[in-house]
Amino acid sequence: QVQLVESGGGLVQAGGSLRLSCAASGTIFSINFMGWYRQAPGKQRELVAGMTTGGSTNYAESVKGRFTISRDNAKNTGYLQMNSLKPEDTAVYYCRLQGITGSYWGQGTQVTVSS
């Protein structure tokens, strides 16, 4: 069984920063993709940032230039650095790993940005 444990969410004022972490445990065979998603009430879940095995990254247009996805393979941990936060960034954020045999989701962490 694989578990992803997220941390780093919370309440921050507009213009502030947060760093989300996603620590993986269990056995995962060949991670193809790591992604951060978010979902606000009444809205669809969207991909915020993703990273392939080769290190290529992609970002939603709304966060490009403000968010940075990274990973530390030795620690089995992924990160999402969020800078210049805006109220519209308020959502539940989820990490996801896509392996050869399955897809795994974190429990979600609330990020609230006040104006």
What distance do [X] atom [atom1] and [Y] atom [atom2] have between them, rounded to the nearest 0.5 Å?
X    : Y    : atom1 : atom2 : result
L80  : T68  : CG    : OG1   : 8.0 Å
E6   : C95  : CD    : SG    : 4.0 Å
E88  : S115 : CD    : OG    : 10.0 Å
T109 : L20  : OG1   : CG    : 6.5 Å

Within the 4.5 Å heavy-atom criterion, are [X] and [Y] side-chain neighbours or not?
X    : Y   : answer
L18  : F67 : no
V111 : M82 : yes
E46  : R38 : yes
Q81  : S17 : yes
Q110 : T90 : yes
K75  : S21 : no

Looking only at heavy atoms, which two atoms of [X] and [Y] are closest? And how far apart?
X   : Y   : answer
M34 : G78 : SD-CA, 3.6 Å
A40 : A91 : N-CB, 3.9 Å
D89 : R66 : OD2-NH1, 2.8 Å

Whether T57 side chain and M51 backbone form a donor-acceptor pair below 3.5 Å: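 No; judged by distance alone, with no hydrogens or angles, the pair does not exist.
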
Per the ring-ring contact (aromatic ring centres under 6.0 Å, His included) rule, what does the pair list look like for residues 42-63, sequence neighbours excluded?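 Qualifying pairs, neighbours excluded: none.
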
Crowded around Q107 CD? As in, over 12 foreign heavy atoms under 6.0 Å?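 Correct, the count exceeds 12.
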
For Q39, all residues meeting side-chain hydrogen bond (donor to acceptor under 3.5 Å, both in side chains), sequence neighbours excluded: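 For Q39 the side-chain hydrogen bond (donor to acceptor under 3.5 Å, both in side chains) partners, ignoring immediate neighbours, are R45.
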
Hey, what else clusters with V92 if you join Ile, Leu, Val, Met, Phe, Trp, Tyr whenever side-chain heavy atoms sit under 4.5 Å?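 F33, Y37, L47, Y94, W105, which link up through side-chain heavy atoms under 4.5 Å apart, make up the rest of the cluster.
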
Please tell me whether Y79 and I69 are part of a single hydrophobic cluster in this structure, the criterion being side-chain heavy atoms less than 4.5 Å apart.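 Per the 4.5 Å side-chain linkage, Y79 and I69 are not co-clustered.
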
